[in-house]
Structures are given as C-alpha cells and as structure tokens.
There are 2 protein chains.
Amino acid sequence: MPAERIREHTVPVAAARRRRLRADGARLLADLLRHQVRTGAFPGGVLPYEDTIGTDYRVSRNTVRQALDLLRGEGIVERQPGVGTVVVGERYPHALDRLQGLAETLHEHGRVTNEVRTVGPVPAPAPVARRLGVPEHTDVLYIERRRLLNGLPLSLDLTYVPMDLGTGLLGADLENTDVFRLLESLAGQPLGSADITLEAVNADAHSAAVLEIPRGSAVLMLERLTHLADGRPVDLEFIRFRGDRISMNALLHRSC
Amino acid sequence: MPAERIREHTVPVAAARRRRLRADGARLLADLLRHQVRTGAFPGGVLPYEDTIGTDYRVSRNTVRQALDLLRGEGIVERQPGVGTVVVGERYPHALDRLQGLAETLHEHGRVTNEVRTVGPVPAPAPVARRLGVPEHTDVLYIERRRLLNGLPLSLDLTYVPMDLGTGLLGADLENTDVFRLLESLAGQPLGSADITLEAVNADAHSAAVLEIPRGSAVLMLERLTHLADGRPVDLEFIRFRGDRISMNALLHRSC
C-alpha cells in the first residue's frame with residue numbers, strides 16, 4: 001500500500017513538473033516566434049514545419065506544438081489544412097515616442113476612417129472640466145468614434161474638447177481627419193505635449209461588440225490629455241485599441 | 001397579425017437601443033471614475049453613494065450601477081456590505097518615457113523582489129542571437145524571474161544576456177537588484193537606449209498561474225531590447241505585466 005501511494009503521488013508530481021517545464025519552454029519559443037511574425041521574418045506568412053522549428057530551436061515537437069497553440073490563442077497564427085501554420089491578424093505599429101494621431105502614425109499601413117457614433121455638446125462632468133480647465137458643467141464637445149484601418153475596426157475613442165474649439169469640429173470632416181489635425185488648424189498653433197496612461201484591460205461586453213472581438217479580449221486602454229503648444233489642455237481622450245491589431249512602439253533613453 | 005408582428009419587432013429594437021445608449025453612458029462614466037480612482041480622488045478609497053454619483057454626473061441610477069459593474073469587472077473596485085463601493089487593487093505607474101528598471105521606476109511604491117525561477121546558459125536561438133549580435137547557438141544567459149512589489153506578483157520576465165556579461169550576473173544578487181543596475185556595473189558604462197514594443201494579450205494558462213490571475217486576464221506584454229551607451233545590445237527581455245497592477249505613463253511631445 002505505501003509503495004502504491006508513493007507511486008500515486010510521484011507520478012502526477014513528476015508529470016506536473018514536466019508539464020511546467022514544457023509550458024516554460026513553449027512560452028519562451030512562442031515569444032521568439034511572435035517577434036519573428038511581427039517583423040515579417042516568415043516569407044509569405046507561412047511558418048516553417050514543426051520539425052524544422054524543433055530543430056532550429058532545439059526543442060521537442062510537443063514544445064513546438066504548445067508554442068503554436070499559444071500563438072493561435074492570441075489570434076496571430078492559424079492552421080490551414082494543406083498549407084501549415086500561417087500568420088493572420090497583422091498588428092499595426094503605433095508610435096509611442098511622439099505625439100501622433102492614428103491616421104498619421106499608420107499612414108504607411110493604409111487609410112484610417114472614423115465612424116462618428118455620437119457628436120454633440122454635453123455638460124462637462126467635474127473630472128473632465130478640471131482636466132480641460134473649464135468651469136464644471138459648462139458644455140464641452142463629446143465625440144464617440146469607432147476608428148478603422150482599411151475598413152477593419154481598430155479602436156473605440158471617447159473624446160472631450162472645450163467648446164470654443166469644439167464648435168469648429170462640429171462642421172469638420174471627422175470621418176476622414178484626425179482630431180489632432182483639426183485642432184491644430186482651428187487653434188492656429190501646433191499641439192505641444194500629452195500626458196498618457198496605458199493599461200491592458202479585458203473588453204466589457206459592449207466595447208467588445210463595437211470592436212467586433214469576443215467579450216473579455218485583451219484591449220489596450222489609452223488615456224490621453226493633449227495640450228496645445230501654449231500649454232492649454234484641449235483634448236481628453238479615452239481610447240480602447242483592439243489588442244490583436246495594435247502594438248505600441250518606442251525608443252526609450254536612459255538619461256532624460 | 002401584422003400589428004402584432006410590428007410590435008414584436010419594434011419593442012425589442014427600442015429596448016436594444018435603450019440598452020446601447022445606457023451601455024455607452026455607463027462606459028463613459030466608468031472611464032471618468034477610473035481616472036479618479038487612479039489619481040486617489042476618493043478619500044479613504046470609498047466611492048460616493050450611487051445617488052450622489054448620479055447627481056454629480058447627471059446620469060440615471062441604472063447607468064451608475066452599470067458603470068460600477070464595469071469597474072468591478074476590471075477588478076478595481078468592489079462592493080463591501082455596510083461600506084459601499086471601495087477601491088481595491090491599486091495599479092502602479094511604470095515610467096514609459098525613460099528607460100528604467102522595475103525597482104527604479106517603482107521605488108516610491110515599495111520594495112521590488114525577484115524570484116529567480118531559472119538561470120543558466122542556453123544556446124542562443126537564431127532570433128535572439130541576431131538581436132543580441134552574437135553568433136547563432138553560442139551560449140547566452142537565460143533568466144526567468146517572477147517580480148513582486150511588496151510581495152505581490154507584478155510580472156513574469158524572460159531575459160537573454162550575452163555570456164561575457166551573463167557570467168557576471170550568475171554570481172550577482174538577482175533577487176534584490178534590477179538587471180539594468182547589474183549590467184551597468186558589470187559593463188562599466190551606463191545603458192543607452194532600448195527599443196520597446198507594448199501589446200495587450202490574454203494570459204495563457206501557465207503565465208496566469210505564475211502571475212496568480214485568472215486565465216485569459218489582460219496582460220501588458222513588453223518586449224525590450226536594451227543597448228549600452230556605446231550602442232551594443234546587451235539585454236533582450238519579454239515581460240508580462242499583470243494588467244490589473246501596472247499602468248504605463250509617459251509625457252509625449254508633438255515635435256521630435
């Protein structure tokens with residue numbers, strides 16, 4: 001009986017440890033393959049055979065399979081019968097080291113269009129009023145847009161703008177122009193800087209429906225308060241980017 | 001019959017529209033409350049009564065409830081019987097406009113410790129070798145760490161370092177010191193810059209277990225290639241931050 005009990009215990013424990021090591025190895029491989037996918041390292045978007053990947057990375061076929069499962073779970077590759085594992089769902093690079101509108105930062109990747117879901121004046125809630133430097137409950141322009149790249153949904157943007165500039169936005173071509181561009185033209189001066197906060201959140205049901213992703217999908221949430229060159233805050237935005245379509249890129253420096 | 005059929009259709013459509021508008025209003029309110037939570041706007045971490053929020057923001061009680069549901073879903077508030085809605089699960093700000101190690105960027109928030117899960121030489125896979133500028137399959141030091149702030153898991157970091165510097169890391173206090181600090185000391189020069197990519201992904205089962213979050217939770221994935229001041233790449237990292245514990249902050253400028 002004791003021998004049997006030991007066996008009962010050690011087999012699952014050893015198996016669990018093997019599974020853990022394989023999981024670590026799979027994640028490690030998935031991270032490397034992910035980078036290669038992003039940088040277009042696979043000609044024609046087709047990944048090498050599992051055996052080839054195993055040889056290249058000196059890992060078992062099981063580890064390769066598990067790594068490919070991880071990437072499939074992230075929606076960046078899929079298996080196509082007769083072809084193999086192929087890259088799907090390109091992520092587009094959004095510059096993070098310079099203040100740019102979506103159409104500006106993605107101009108090499110195609111055309112950004114905006115579906116304006118809501119636009120109109122609303123009484124500024126206290127935290128919006130404070131950040132935009134206007135009296136509480138005075139009207140600000142509220143804009144809700146779904147933004148698309150080449151017709152594919154990328155983000156859902158909620159925007160608040162002080163009314164003196166907002167009035168000008170009401171007659172502007174919001175469907176085809178970044179708010180940044182319009183604000184610079186209306187204000188007669190360039191934008192200066194923006195305070196940003198980036199978080200990863202799970203999509204609520206309604207945002208998921210608008211972005212056409214499953215509920216709970218990972219979303220990059222960007223909160224951004226943008227100032228004109230003279231320092232005046234003019235644009236408060238809450239942006240939800242589809243996690244499977246956007247990556248943020250920057251070059252950071254050690255010294256300020 | 002036709003009248004009944006119209007009724008059958010219009011009632012659900014009107015209800016669906018009301019639901020949509022309420023969902024939009026709830027998300028809008030949730031975004032504003034989220035910012036207030038982050039900036040410590042609620043004394044004692046207790047949110048105002050639902051009625052008070054409704055009056056302050058000029059929205060219905062239903063909208064307030066739905067907004068609080070969204071924030072509960074994100075794990076940033078919870079309902080406590082006899083107290084009300086309280087802030088839980090603080091997010092810590094990680095600087096994104098300067099290259100800093102985790103202990104450096106969070107030094108005002110507490111003590112960062114590192115559980116070293118794996119450390120040792122591995123033959124560099126091709127994409128790692130290429131990015132670190134070493135010959136393929138030569139050994140590099142591989143380090144896997146779980147990083148904690150005040151004992152709470154924050155991130156899972158996979159790190160590759162060329163062996164000439166890696167040998168020095170083997171004997172160092174990896175539990176209590178940022179790799180950045182150690183590299184600068186070993187190399188006898190400061191770090192220079194890093195190329196970073198940030199994405200939102202859903203946690204795979206194994207990463208979720210290590211980070212102590214439910215499978216599928218939103219994770220901030222940071223890929224970072226760091227160079228010494230002389231330009232040599234010395235540190236390739238793949239970092240998964242818990243989405244509910246970290247936000248990235250930066251000040252962006254319009255001109256370069």
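Naming: A, B, ... by sequence-line order, numbering from 1 per chain. FYI, side chains are in, hydrogens and waters are out, and symmetry mates aren't considered; it's all heavy atoms of this structure.
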Side chains of [X] and [Y]: closer than 4.5 Å at any heavy-atom pair?
{"X": "A/L154", "Y": "A/L106", "answer": "yes"}
{"X": "B/P123", "Y": "B/D139", "answer": "yes"}
{"X": "A/V87", "Y": "A/I76", "answer": "no"}

Need one label for [X]: side chain, backbone, both or neither, based on atoms under 4.5 Å from any heavy atom in chain B.
{"X": "A/R245", "result": "neither"}
{"X": "A/L191", "result": "both"}
{"X": "A/R242", "result": "neither"}
{"X": "A/P93", "result": "neither"}

Quick one: which of [options] has the most heavy-atom pairs under 4.5 Å with chain A, could you say?
{"options": "B/E104, B/E136, B/E74", "value": "B/E104"}
{"options": "B/I246, B/L156, B/L236", "value": "B/L156"}
{"options": "B/N249, B/D31, B/L29, B/D195", "value": "B/D31"}
{"options": "B/R91, B/R34, B/Q100", "value": "B/R91"}
{"options": "B/S207, B/A126, B/A200", "value": "B/A200"}
{"options": "B/A194, B/G243, B/S247", "value": "B/A194"}

Q | Residues which pass ring pair (Phe, Tyr, Trp, His ring centres under 6.0 Å) with A/Y142, listed by chain and number, not counting sequence neighbours | A | A/Y160
Q) Residues in ring pair (Phe, Tyr, Trp, His ring centres under 6.0 Å) with B/H109, at least two apart? A)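 Listed in chain order: B/Y92.
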Q. Could you walk me through whether B/V210 and B/R240 pass the side chain to side chain contact (heavy atoms under 4.5 Å, CB included) check?
A. CA-CA 11 Å; B/V210 173; B/R240 285 169 171 82; over 6 Å; no
Q: Take B/L99 and A/H253 through the test side chain to side chain contact (heavy atoms under 4.5 Å, CB included) and record every step on the way to the result.
A: CA-CA 5 Å; B/L99 182 58; A/H253 295 275; 5.9 Å; no
Q) Is there a donor in the side chain of A/S155 and an acceptor in the side chain of A/D157, or the other way round, less than 3.5 Å apart? A) yes
Q) Would A/L102 and A/I239 satisfy side chain to side chain contact (heavy atoms under 4.5 Å, CB included), going step by step from the backbone distance to the final call? A) CA-CA 11 Å; A/L102 195 64; A/I239 308 174; over 6 Å; no
Q: Keeping the roles fixed (side chain from A/S193, backbone from B/L251), state whether a donor-acceptor pair exists under 3.5 Å.
A: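 Pair absent, no side-chain N/O of A/S193 close to backbone of B/L251.
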For chain B, which of [options] has the most heavy-atom pairs under 4.5 Å?
{"options": "A/P125, A/G75, A/P127", "result": "A/P127"}
{"options": "A/L158, A/L33, A/L32, A/D97", "result": "A/L32"}
{"options": "A/Q36, A/R131, A/H94", "result": "A/R131"}

Q) Thinking salt bridges, do B/E144 and A/R27 make one under a 4.0 Å N-O criterion? A) yes
Q: Taking side-chain contact (heavy atoms from CB on, under 4.5 Å) as the test, write out the residues that go with B/A209, two or more places apart.
A: none
Q: Under 4.5 Å, heavy atom to heavy atom: which of residues 214-229 of chain B reach chain A? Give them by number, or say none.
A: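 Within residues 214-229 of chain B, near chain A: B/G216, B/S217, B/A218, B/V219, B/L220, B/M221, B/E223.
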